[in-house]
Amino acid sequence: MLLAVPSTLLVVRLTGLDAGTPLAVPVVLFPYGTVLSVLVLIAMLAVPALRPRWVAVAVVALLTAAQVTLLVPRFVPRQPHAPAQAAELRVATLNAHVGRADPRALVRLVKTERIDVLAVEELPSDGIAALAEAGLDRLLPYQELRPENDSSIYSRIPLARGGPLDADTAWPQTTADVKVGGRTVRLVAVHTYYPLGDAKRWTRDMTALASVARNSGPDTVFLGDFNASLDHAPMRELLASGLTDTHAELGRGWGRTWPVGMTLVPPVIQLDHVLHGSGLVGVSVTERTVPGTDHRAVVAVLALLPSAERAG
């Protein structure tokens with residue numbers, strides 16, 4: 001009975017049954033199911049009365065091994081390392097919870113982390129005004145503000161080709177270009193629909209983003225609230241389109257970002273990500289709490305790879 005849940009989650013994870021179905025909601029608990037399986041296996045090996053049941057032990061061991069095999073890669077840092085003199089882009093993303101995020105705290109975060117580009121989701125017009133009053137415009141004067149479309153981009157670097165993304169998503173994703181180290185980096189501020197509301201609509205959003213990513217080139221950054229974890233099949237499809245999750249790349253594949261602001265409930269799952277194309281590499285990534293919102297901010301430093309490494 002204890003292993004019924006992790007076994008079911010493993011089947012969903014292996015088969016991708018979460019795409020477009022209500023199973024997209026429980027599959028986010030896959031890492032916790034793995035922990036449960038490990039604990040059950042340890043208990044079976046530790047309790048003398050259970051050890052002779054070698055068939056049961058073997059089944060639990062096989063289940064645990066399969067789960068661990070799927071999880072381990074996201075905790076192993078990948079190559080390549082950024083060259084010493086590579087140009088860097090410092091980015092951050094935050095779901096502002098319909099403008100409820102503390103504007104002064106967000107401005108302090110931008111100043112402390114020396115952010116170059118900030119993507120803010122769920123940012124209405126009054127939230128934009130509050131951020132301006134808190135001084136964000138002085139730090140990040142170049143802006144692609146789209147309160148009618150949910151997400152906006154702030155930048156220390158001049159922006160070009162700003163506007164809504166041409167993709168079939170529930171609400172338009174805001175895009176813009178920045179010049180870094182003589183190269184043009186395409187930015188997409190992401191906020192997808194949510195599986196609990198409509199799993200099919202969420203899956204269409206993720207599929208649309210994957211289609212865009214396949215045609216975006218290596219110098220691309222998708223950052224925002226994807227309402228998806230690394231255990232969702234649509235997220236794996238998006239990554240397979242040519243993007244890398246910065247958390248997993250740096251061996252921090254369980255950077256939980258939601259929910260926050262609840263006294264008794266710590267962050268449980270990672271819904272917010274910084275994804276990048278093959279022309280960039282992750283240098284660092286972390287999560288930061290901003291009062292007033294139920295998401296943690298993700299802050300990442302990305303470096304541009306030289307042309308030879310990018311081609312590789």
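All values below come from the heavy atoms of this structure, side chains included, with hydrogens, waters and symmetry mates left out.
The heavy-atom pair separating Leu280 from Leu305 by the smallest distance is O-CD1, 4.1 Å. In terms of heavy atoms, Leu243 sits closest to Gly277 at CD2-N, 3.9 Å. Here the shortest heavy-atom pairing between Glu121 and Gly224 reads OE2-CA, 3.6 Å. Minimum heavy-atom separation, Leu63 to Ser37: CD2-OG, 3.8 Å. Across every non-hydrogen atom of Pro6 and Gly33, the tightest pair is CB-O, 3.4 Å. Across all non-hydrogen atoms, the minimal contact from Met235 to Leu275 is SD-CD1, 4.3 Å.
Tyr32 places a side-chain N or O within donor-acceptor distance of the main-chain N or O of Val268, the cut-off being under 3.5 Å. Between the Arg296 side chain and the Pro267 main chain, no donor and acceptor come within less than 3.5 Å of each other. Formation of a donor-acceptor pair under 3.5 Å by the Thr257 side chain with backbone atoms of Leu271 is found in this model. Checking side-chain atoms of Thr203 against main-chain N and O of Gly20 turns up a donor-acceptor pair under 3.5 Å. When atom types are taken as modelled, the side chain of Asp294 and the backbone of Gly261 share no donor-acceptor pair closer than 3.5 angstrom. A donor-acceptor pair under 3.5 Å links the side-chain atoms of Arg252 to the main chain of Val285, judged by distance alone. Panel note: side chain Thr246, backbone Gly282; no donor-acceptor pair is recorded below 3.5 Å.
In Arg104, the CZ atom is not crowded: 12 or fewer heavy atoms of neighbouring residues, nucleotides or ligands sit closer than 6.0 Å. Heavy atoms of other residues, nucleotides or ligands lying less than 6.0 angstrom from CD of Glu148 number more than 12. Few gaps surround CZ on Arg78; more than 12 heavy atoms of other groups in view lie less than 6.0 Å from it.
At least one side-chain heavy atom of Leu9 sits under 4.5 Å from a side-chain heavy atom of Pro26. Side-chain atoms of Val178 and Tyr142, non-hydrogen and from C-beta on, never get closer than 4.5 Å to each other. Residues Ser241 and Leu238 form a side-chain contact, since some pair of their non-hydrogen atoms from C-beta on lies under 4.5 Å apart. When side chains are defined from C-beta on, Gln270 does not count as touching Glu287, because their heavy atoms never get closer than 4.5 Å. Residues Arg288 and Arg108 have side chains not in contact (no heavy-atom distance under 4.5 Å, counting atoms from C-beta outward). Proximity of Val40 to Thr64: side-chain heavy atoms (C-beta onward) are nowhere separated by under 4.5 Å. No side-chain heavy atom of Asn227 sits less than 4.5 Å from a side-chain heavy atom of Leu196. Contact of the Leu187 side chain with the Val117 side chain is registered, since non-hydrogen atoms from C-beta on lie closer than 4.5 Å.
Under the 4.0 Å criterion applied to side-chain N and carboxylate O atoms, Arg100 and Asp126 are not assigned as salt-bridge partners. One finds a salt bridge joining Asp231 and Arg74 here, because a Lys/Arg side-chain nitrogen approaches an Asp/Glu carboxylate oxygen to under 4.0 Å. Asp150 has no carboxylate O lying under 4.0 Å from a charged side-chain N of Arg146, or vice versa, which leaves the two without a salt bridge. With salt bridges taken as basic N to acidic carboxylate O contacts below 4.0 Å, one links Asp116 and Arg156.
Side-chain atoms of Asp205 and Thr192 include no donor-acceptor pair closer than 3.5 Å. Gln143 and Asp137 share a donor-acceptor pair across their side chains, judged by distance under 3.5 Å alone.
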Exercise. Begin with the C-alpha distance, continue with both residues' side-chain angles, and end with the deciding distance and a verdict on side-chain contact (heavy atoms from CB on, under 4.5 Å) for Leu17 and Val27.
Key: CA-CA 9 Å; Leu17 289 174; Val27 78; over 6 Å; no
Self-check item: Full working for side-chain contact (heavy atoms from CB on, under 4.5 Å) between Lys111 and Arg138
Solution: CA-CA 10 Å; Lys111 186 180 297 185; Arg138 292 190 294 275; over 6 Å; no
Practice problem: Could you go through the side-chain contact (heavy atoms from CB on, under 4.5 Å) check for Val274 and Val221 one step at a time? | Solution: CA-CA 7 Å; Val274 173; Val221 178; 4.2 Å; yes
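Linking Ile, Leu, Val, Met, Phe, Trp and Tyr whenever their side-chain heavy atoms come within less than 4.5 Å leaves Leu230 and Leu71 in two separate clusters. Under a hydrophobic-cluster definition in which Ile, Leu, Val, Met, Phe, Trp and Tyr are linked whenever side-chain heavy atoms come within less than 4.5 Å, directly or via other members, Val120 and Phe226 are assigned to different clusters. The cluster map of Ile, Leu, Val, Met, Phe, Trp and Tyr, joined by side-chain heavy atoms under 4.5 Å apart, puts Tyr154 and Val91 in different clusters. Cluster membership for Val38 and Leu41, using ILVMFWY side-chain heavy atoms within less than 4.5 angstrom, is not shared. Phe75 and Ile269 fall within a single hydrophobic cluster, where Ile, Leu, Val, Met, Phe, Trp and Tyr side chains are chained together by heavy-atom contacts under 4.5 Å.
Annotation: the span from Leu89 atom CG to Arg183 atom CZ amounts to 11.5 Å, rounded to 0.5 Å. One distance of note links OG1 of Thr244 with NE2 of His273; it measures 13.5 Å at 0.5 Å rounding. Note that the CD atom of Gln173 and the CG atom of Asn149 stand 9.0 Å from one another [nearest 0.5 Å]. Rounded to the nearest 0.5 Å, atoms CG (Leu139) and CG (Leu118) are 10.5 Å apart. For the atom pair OG1 of Thr220 and CG of Leu223, the computed distance is 12.0 Å after rounding to the nearest 0.5 Å. Atom OG of Ser229 sits about 8.0 Å away from atom CG of Asp18, to the nearest 0.5 Å.
Of the listed residues (Thr175, Thr93, Thr174), just one forms a side-chain hydrogen bond (donor to acceptor under 3.5 Å, both in side chains) with Ser151, and that residue is Thr174. Under the side-chain contact (heavy atoms from CB on, under 4.5 Å) test applied with Glu122, the options Val98, Leu94, Thr293 reduce to a single match, Val98. The residue from Tyr194, Phe30, Trp202 that alone fulfils the ring pair (Phe, Tyr, Trp, His ring centres under 6.0 Å) condition with His232 is Trp202.
Aromatic ring pairs are classed by plane angle as parallel below 30°, tilted from 30° to 60° and perpendicular above 60°; the pair Trp171 and His191 is tilted. Taking the six-membered ring where tryptophan is involved, the planes of Trp258 and His295 are tilted, since the angle between them lies from 30° to 60°.
With sequence neighbours left out, Pro291 forms a side-chain contact (heavy atoms from CB on, under 4.5 Å) with Asp102, Ala105.
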